[in-house]
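All remarks here apply to the structure that follows.
Along the sequence shown, residues are numbered consecutively beginning with 1.
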Amino acid sequence: MSTRPMLTQREAAAACGVSRTTIRRRREAGDLPNSVQDEVRGWLIPVDDLLAAGLRLHAPSDPDKAAPSSPAGQDADVDVDQEHDAIALRAELENLRHKHALAVAAAEHGRQLAEAEATHLRAQLAARADHIADLQRTLKALMPGPERPVLQPSVPGQAQNNEPHVPAASPDPDAGPAAGERRRWWRRS
């Protein structure tokens, strides 16, 4: 007797990289002659029989082809295959959810970086606007002012007004003093 273990149909299919249906068909065809049926575990297949039938242990499996129909006895195999497919789909779904969560986190991080950069640029823009306003005020202070009218030197005794000076006619000596003149205390002769 062999010292190698005995595998169930499911274990043999997984070890050889084939479907359970393939193992069952090979057993029914007589390719696995030392297979025995256990009441608890079902069909047990020796590893030596698998190797003798030309199956390789831990070989990559070919993609399964969809069977057109299955007899009533193969419903259990189909249920197991569907369960295996469901597990694979759940794993793929979980993988896609994980990738999506990473993408959302990366997008959120990018948004936060963009907001920080925008805030920084706004602050720089405000500082530069203040600097420009200071420079404009400085330039305005350094520029010459508007033209101012030149003032004439004032003569004492003249009223300062903007009317042109018109010499007055000679006053009558007997008349009183003219405006802005002093009165003489003696008479002229």
Side-chain angles (χ1 to χ4, degrees), residues 1-140:
M1 181 141 192
S2 171
T3 60
R4 293 196 183 202
M6 303 273 283
L7 303 174
T8 63
Q9 286 189 103
R10 180 178 292 156
E11 293 168 344
C16 296
V18 295
S19 69
R20 284 181 57 194
T21 307
T22 302
I23 298 294
R24 184 185 49 77
R25 274 191 257 129
R26 298 293 286 272
R27 181 185 48 80
E28 289 173 354
D31 293 340
L32 308 170
N34 295 323
S35 300
V36 292
Q37 189 169 17
D38 183 46
E39 291 179 14
V40 178
R41 294 180 64 196
W43 284 98
L44 298 175
I45 303 161
V47 173
D48 292 334
D49 281 2
L50 292 171
L51 294 173
L55 296 170
R56 294 183 346 199
L57 294 177
H58 304 293
S61 63
D62 294 333
D64 289 338
K65 295 180 182 176
S69 64
S70 62
Q74 294 179 358
D75 288 340
D77 291 338
V78 171
D79 289 342
V80 171
D81 288 341
Q82 287 176 351
E83 184 178 331
H84 178 69
D85 290 342
I87 291 170
L89 288 174
R90 283 188 195 109
E92 184 179 350
L93 177 63
E94 188 62 32
N95 185 23
L96 289 174
R97 283 182 178 161
H98 179 69
K99 286 181 181 179
H100 176 70
L102 289 176
V104 167
E108 178 65 20
H109 180 68
R111 185 189 63 77
Q112 289 173 349
L113 286 177
E115 284 180 3
E117 181 69 16
T119 302
H120 173 70
L121 290 175
R122 282 189 203 107
Q124 277 188 338
L125 185 62
R128 287 186 180 176
D130 291 342
H131 185 68
I132 289 171
D134 289 343
L135 291 175
Q136 286 174 338
R137 283 191 296 272
T138 303
L139 184 62
K140 188 174 181 181

Just distance, no hydrogens or angles: give the donor-acceptor pairs under 3.5 Å from side chains in residues 111-118, sequence neighbours left out.
from	atom 1	to	atom 2	distance (Å)
Arg111	NE	Glu108	OE1	3.3
Arg111	NH1	Glu115	OE1	3.3
Arg111	NH1	Glu115	OE2	2.4
Arg111	NH2	Glu108	OE2	2.4
Gln112	NE2	Glu108	OE2	3.4

Worksheet item: About how many Å separate CD of Glu28 and OG of Ser35, when rounded to the nearest 0.5 Å?
Response: 10.5 Å
Fill in: Pairs where residues 119-134 contributes a residue and the test salt bridge (Lys or Arg N to Asp or Glu O under 4.0 Å) is met, not counting sequence neighbours
Asp134-Arg137
Fill in: Test side chain to side chain contact (heavy atoms under 4.5 Å, CB included) applied to Ile87 - qualifying residues, sequence neighbours left out
Glu83, Arg90
Practice prompt. May I have the step-by-step check of side chain to side chain contact (heavy atoms under 4.5 Å, CB included) for Leu7 and Leu44, ending in yes or no?
Written response: CA-CA 5 Å; Leu7 303 174; Leu44 298 175; over 6 Å; no
Item to complete: Mind checking side chain to side chain contact (heavy atoms under 4.5 Å, CB included) for Glu92 and listing every partner two or more places apart, or none if nothing turns up?
Response: Leu89, Leu96
Worksheet item: Which pairs pass side chain to side chain donor-acceptor pair (under 3.5 Å) with one or both residues in residues 94-106, sequence neighbours excluded?
Response: none
Worksheet entry | Qualifying salt bridge (Lys or Arg N to Asp or Glu O under 4.0 Å) pairs with a residue from residues 31-42, counting only residues at least two apart or across chains | Glu11-Arg41, Arg26-Asp31
Worksheet item: Under 4.5 Å between any side-chain heavy atoms of Val36 and Ile45, yes or no?
Response: no
Worksheet item: Under 3.5 Å, is there a donor-acceptor pair between the side chain of Asp49 and the main chain of Asn34?
Response: yes
Discussion item. Ring of Trp43, cation from Arg27 - is the NZ or CZ under 6.0 Å from the centre and inside 45° of the axis?
Written reply: yes
Response to the item:
dist Arg20:CZ -> Gln9:CD (nearest 0.5 Å) comes out at 6.0 Å
